[in-house]
Amino acid sequence: MPVYCISGLGADERIFSKLRLKNCEIRYIKWVKPNSNNEPIESYALRLSTQIQHKNPILVGVSFGGIIAVEIAKIICCKKIFLISTIKSKSELPLWVRLIGLCRVNKIVPFTRRGSILVLLENYFLGPETVEEKRLISEFRKATDKFFLYWAVSSIVNWRNTIIPDNFVHLLGDRDKFFSVKKSNPNYIIHGGTHLMIYNRSQEISNIIQSQL
């Protein structure tokens, strides 16, 4: 059973390295470079969807990857969509994220130049708990394409989606500092789960996904 995984902003397939799914062939959708600073997220999702080689696929999207998974599900029929540490529509965007978009802070603050203060803020929101997790985040940070980062941040703060797929399963941690369980009303709340729970609460998440397949 093929399962297509989409990582978060700046991350790659290593974020899924502890996910364990029986009788599943895990495949990874690769990030590609946006065509321009203003490429619509719908257009970008369409281009990513060409990496899917099966009909009615199962998608697993984490963080920004979850937002992309929602957009892909609006283009092609999906058997099941697992949304992890993410949101389903614009109504679930935190107020502070909306304000960034409204005030165009993302175009003023140099997110592509991640100094010590931005790194500390990023770690605070991601919630790494071990040296291993901090090292992984640091490796992601160094490898992130700056052009892609600028485009992705703009796409998140300006996301206007109102269409929610019918066959989704939403998992969110009660310690996620990016997205609130109160605002999103997920199907599953992971106790102690941070924005990195796909990595450090992988067994619990694997069990939930397996039970839904």
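Predicted model only: the values in this text are computed from it and were never measured.
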> Could you go step by step and tell me if N23 and L213 meet the side-chain contact (heavy atoms from CB on, under 4.5 Å) rule?
Replying inline: CA-CA 10 Å; N23 302 317; L213 293 179; over 6 Å; no
> Taking the inter-plane angle between the rings of F64 and W31 on a 0 to 90° scale, is it parallel (under 30°), tilted (30 to 60°) or perpendicular (over 60°)?
Replying inline: parallel
>> Please determine whether side-chain contact (heavy atoms from CB on, under 4.5 Å) holds for the pair Q53 and Y4, giving the CA-CA distance in whole Å, both sets of side-chain angles, and the decisive distance to 0.1 Å.
In response: CA-CA 10 Å; Q53 301 174 356; Y4 288 86; 3.7 Å; yes
> Looking only at heavy atoms, what is the nearest atom pair of V169 and K80, with distance?
Replying inline: CG2-CD, 3.9 Å
> Does the side chain of I58 come within less than 4.5 Å of I209's, by heavy atoms?
Replying inline: no
>> Ignoring hydrogens, what is the shortest heavy-atom contact between L19 and S202? Give both atom names and the distance.
In response: N-CB, 4.3 Å
>> Can you confirm whether N37 sits close enough to F147 that some side-chain heavy atom of one is under 4.5 Å from a side-chain heavy atom of the other?
In response: yes
> With side chains defined as the heavy atoms from C-beta onward, is the minimum distance between V131 and K134 less than 4.5 Å?
Replying inline: no
>> Quick check: closest heavy atoms across S17 and R20, and the distance to 0.1 Å?
In response: O-NH1, 2.7 Å
> What closest approach, in Å, do K18 and Y199 show between heavy atoms, and which atom pair accounts for it?
Replying inline: CD-O, 3.4 Å
>> Donor-acceptor check, side chain of S184 to backbone of P186, threshold 3.5 angstrom: yes or no?
In response: no
> Is there side-chain contact between S85 and I190, with at least one heavy-atom pair below 4.5 Å?
Replying inline: no
> At their closest point, which heavy atom of N185 faces which heavy atom of K88, and how far apart are they?
Replying inline: O-NZ, 4.2 Å
>> Nearest 0.5 Å, please: how far is CG in N161 from CD in E92?
In response: 9.5 Å
> What are the two closest non-hydrogen atoms of I81 and A73, and how far apart are they?
Replying inline: CD1-CB, 3.4 Å
>> What's the separation between atom CD1 in I156 and atom OG in S63, rounded to the nearest 0.5 Å?
In response: 6.0 Å
> Within a strict 4.5 Å, meaning less than it, do heavy atoms of the I29 and I52 side chains meet?
Replying inline: yes
> Should L172 and F179 count as side-chain neighbours, where that means a heavy-atom distance under 4.5 Å?
Replying inline: yes
>> Once rounded to the nearest 0.5 Å, what's the spacing between atom CG of L9 and atom CG of L149?
In response: 5.5 Å
>> For the backbone of E129 and the side chain of E133, can you confirm whether one donor and one acceptor N or O come within less than 3.5 Å of each other?
In response: yes
> For G173, does its backbone N or O pair with a side-chain atom of H195 as donor and acceptor, under 3.5 Å?
Replying inline: no
> Counting only N and O atoms by type, is there a donor-acceptor contact under 3.5 Å from the side chain of R47 to the main-chain atoms of K33?
Replying inline: yes
> Does R201 reach the main-chain N or O of G192 with its side chain, forming a donor-acceptor pair under 3.5 Å?
Replying inline: yes
> Would E132 and R135 pass as an ion pair if we require N to O under 4.0 Å?
Replying inline: no
> Which distance, rounded to the nearest 0.5 Å, do you find between the CD1 of I164 and the NZ of K74?
Replying inline: 10.5 Å
>> For the CD1 atom of I68 and the CH2 atom of W159, what is their distance to the nearest 0.5 Å?
In response: 9.0 Å
> Run the side-chain contact (heavy atoms from CB on, under 4.5 Å) check on I87 and F178 step by step: do they pass?
Replying inline: CA-CA 10 Å; I87 54 177; F178 267 113; over 6 Å; no
>> Are the side chains of N187 and F168 in contact, using a 4.5 Å heavy-atom criterion?
In response: yes
> Considering only heavy atoms from C-beta outward, does the side chain of M197 approach that of L171 to under 4.5 Å?
Replying inline: yes
> Are the side chain of N167 and the backbone N or O of K79 linked by a donor-acceptor pair below 3.5 Å?
Replying inline: yes
>> Using the rule given for side-chain contact (heavy atoms from CB on, under 4.5 Å), can you reason through V62 versus S7, listing the C-alpha separation, both sets of side-chain angles and the distance that settles it, and then say yes or no?
In response: CA-CA 5 Å; V62 172; S7 62; 5.9 Å; no
> Roughly how far apart are I15 CD1 and I84 CD1, rounded to 0.5 Å?
Replying inline: 10.5 Å
